[in-house]
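Only a predicted model underlies this, so the values are computations on that prediction, with no experimental measurement involved. Below, read A as the first sequence line, B as the second, and so on, with proteins coming before strands; counting in each chain starts at 1.
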2 protein chains.
Amino acid sequence: MLENFFGQVLKKLREERGISQENLGHNSGLDRTYISLLERGLRVPTIVTLFKLAKVLDKKPSEIISLLENLNENSD
Amino acid sequence: MLENFFGQVLKKLREERGISQENLGHNSGLDRTYISLLERGLRVPTIVTLFKLAKVLDKKPSEIISLLENLNENSD
DNA sequence: CACCACAACGGACTATAGTCTGCAATAAAA
DNA sequence: TTTTATTGCAGACTATAGTCCGTTGTGGTG
């Protein structure tokens with residue numbers, strides 16, 4: 001389920017910033033369609049990609065991972 | 001340089017626990033040679049793999065990422 | 001209605017994460 | 001010296017991260 005949790009968190013953070021997938025992709029050096037895949041839980045990023053996304057979203061990578069830990073605890 | 005930093009951190013945490021690459025690989029469901037590649041900075045893990053490793057190393061994934069952030073700040 | 005911005009989605013692709021086998025190098029122990 | 005445990009490393013492989021180009025669906029807005 002970790003893929004889905006990451007997707008949910010990413011979408012939430014992106015929408016909080018009020019930017020489009022297109023914009024997030026462009027500013028993080030990633031493809032527009034790949035952002036879409038991530039948010040739908042169809043891909044899981046490497047930690048390098050995590051750092052790129054975090055920078056644009058103005059969050060620490062570790063903060064994003066923390067959110068995943070919380071969701072992950074109450075899952076199995 | 002993020003790959004190298006991750007490798008350094010991984011090796012340090014593994015040695016602190018006093019376990020071999022073989023043991024870490026086996027207990028995290030990853031290949032022994034892949035642990036070796038990670039520690040030498042020749043591969044970068046996905047966040048799913050990060051969670052697997054963190055569990056065996058008895059660390060929160062976010063703690064490991066935090067260590068990377070610290071190394072990464074003082075690099076460029 | 002037509003138009004526009006945005007996201008879902010498909011397919012075909014390239015790059016790289018991760019596996020598996022096996023051998024060489026090292027160091028520590030017997 | 002021989003044995004044992006551990007890691008480096010090469011090569012060939014499979015699985016999946018990530019790109020690129022295009023089309024479809026949807027919800028505003030003029």
Query raised in the report: Which nucleotides of nucleotides 20-30 of chain C have their base under 4.0 Å from a protein heavy atom (B), which only their sugar-phosphate (S), and which neither (-), written as one string 5' to 3'?
Result: BBB--------

Report task. Indicate for each nucleotide in nucleotides 25-30 of chain D, in 5' to 3' sequence, whether protein heavy atoms under 4.0 Å reach the base (B), only the sugar-phosphate (S), or nothing (-). Result -> ------

Report task. Could you list the residues that satisfy side chain to side chain contact (heavy atoms under 4.5 Å, CB included) with E16(A), not counting sequence neighbours? Result -> K12(A), L13(A)

Query raised in the report: Between atom CD of Q21(B) and atom CG of D31(B), what is the distance when rounded to the nearest 0.5 Å?
Result: 11.0 Å

Requested in this report: To the nearest 0.5 Å, tell me how far L71(B) CG sits from M1(B) CE.
Outcome: 11.5 Å

Considering only distance and modelled atom types, tabulate donor-acceptor pairs under 3.5 Å from the side chains of residues 50-65 of chain A, sequence neighbours left out.
unit_1, atom_1, unit_2, atom_2, d
S62(A), OG, E69(B), OE1, 3.2
S62(A), OG, E69(B), OE2, 2.8
E63(A), OE2, K60(A), N, 3.3

**Report entry** Residues from residues 35-54 of chain A lying under 4.0 Å of DNA chain C - heavy atoms
**Finding:** S36(A), R40(A), T46(A)

Report task. Any salt bridge (Lys or Arg N to Asp or Glu O under 4.0 Å) involving residues 39-48 of chain B? Give me the pairs, sequence neighbours left out, ordered by first then second residue. Result -> R14(B)-E39(B)

Query raised in the report: Would T33(B) and S36(B) count as having a side-chain donor-acceptor pair, cut-off 3.5 Å?
Result: no

**Report entry** Side-chain touch P45(B)/I47(A), heavy atoms, less than 4.5 angstrom
**Finding:** yes

Requested in this report: Run the numbers on L24(B) and L10(B) for side chain to side chain contact (heavy atoms under 4.5 Å, CB included), then give the verdict.
Outcome: CA-CA 10 Å; L24(B) 173 57; L10(B) 178 61; 4.1 Å; yes

Query raised in the report: Taking it one step at a time, do V44(A) and F6(A) satisfy side chain to side chain contact (heavy atoms under 4.5 Å, CB included)?
Result: CA-CA 8 Å; V44(A) 126; F6(A) 181 81; 5.5 Å; no

Report summary line: Contact check, residues 17-30 of chain A vs DNA chain D, heavy-atom distance under 4.0 Å, returns G29(A), L30(A)

Report task. Apply side-chain hydrogen bond (donor to acceptor under 3.5 Å, both in side chains) to N4(A) and list each qualifying residue two or more places apart in sequence or on a separate chain. Result -> none

Query - side-chain hydrogen bond (donor to acceptor under 3.5 Å, both in side chains) partners of S28(A), counting only residues at least two apart - result: none

Query raised in the report: Is there a donor-acceptor pair closer than 3.5 Å between any side-chain N or O of N72(B) and the backbone N or O of L68(B)?
Result: no

